Amino acid sequence: MKKNYVPQPMDTSDIQLPEELNTLIEQMAKNVHEVWAQSRMTQGWTYGEERSDALKQHPCLIPYEELPEVEKAYDRDTALGTLKLISKLGFKISKE
């Protein structure tokens, strides 16, 4: 990692999403977890009670519904941040 790298994500703090997107956020959060888990498993990772990079074991290789709330919150934040960025960039989210 270069020493001078400073992450500069787009500021989306001014974006307020409508409450009707909460269901979408939860669905996206679950999918974020599913994509992550599938990627890990493809790399040879398996479930383990404690994370071990050496053994390629991770305690979050379980269904989304069984994750601890702190882990679900991480995935929700990723989904929320993505939707806020989409909105900030001028795109509209609608359901047909």
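In this text, all values refer to a predicted model and were calculated from it rather than measured experimentally.
- For Pro63, the side chain to side chain contact (heavy atoms under 4.5 Å, CB included) partners at least two apart in sequence or on another chain are Glu65, Glu66.
- With hydrogens and angles ignored, the 3.5 Å screen pairs no side-chain donor or acceptor of Ser52 with any backbone N or O of Gly48.
- Under the rule for a side chain to side chain contact (heavy atoms under 4.5 Å, CB included), the partners of Glu69 that lie at least two apart in sequence or sit in another chain are Lys72, Arg76.
- Applying the ring pair (Phe, Tyr, Trp, His ring centres under 6.0 Å) rule to pairs touching residues 13-45 yields His33-Trp36, Trp36-His58, sequence neighbours excluded.
- Through chains of ILVMFWY side-chain contacts below 4.5 Å, Phe91 is grouped with Met10, Ile15, Leu17, Leu21, Leu24, Ile25, Met28, Leu80, Leu83, Leu85, Ile86, Leu89, Ile93.
- Ser94 meets the side-chain hydrogen bond (donor to acceptor under 3.5 Å, both in side chains) test with no other residue; sequence neighbours excluded.
- Counting non-hydrogen atoms of neighbouring residues, nucleotides and ligands closer than 6.0 angstrom, the OH atom of Tyr64 exceeds 12 such neighbours.
- More than 12 heavy atoms of other residues, nucleotides or ligands shown are found within 6.0 angstrom of NZ on Lys84.
- With sequence neighbours left out, Gln38 forms a side chain to side chain contact (heavy atoms under 4.5 Å, CB included) with Thr42.
- Shown here are the side chain to side chain contact (heavy atoms under 4.5 Å, CB included) partners of Pro59, two or more places apart in sequence or in another chain: Arg51.
- The line from OG1 of Thr82 to CG of Asp77 is 10.5 Å long, rounded to the nearest 0.5 Å.
- Residues in residues 7-20 take part in these side chain to side chain donor-acceptor pair (under 3.5 Å) pairs, two or more places apart or across chains: Asp11-Ser13, Asp14-Lys88.
- When atom types are taken as modelled, the side chain of Ser39 and the backbone of Val35 share no donor-acceptor pair closer than 3.5 angstrom.
- Residues Ala29 and Ala79 share a closest heavy-atom pair of N-CB, 3.9 Å.
- Between the CG atom in Asp75 and the CG atom in Leu67 there is a gap of 6.5 Å [rounded to 0.5 Å].
- The salt bridge (Lys or Arg N to Asp or Glu O under 4.0 Å) search around Arg40 returns none, not counting sequence neighbours.
- Atom CG of Leu61 sits about 7.5 Å away from atom OG1 of Thr46, to the nearest 0.5 Å.
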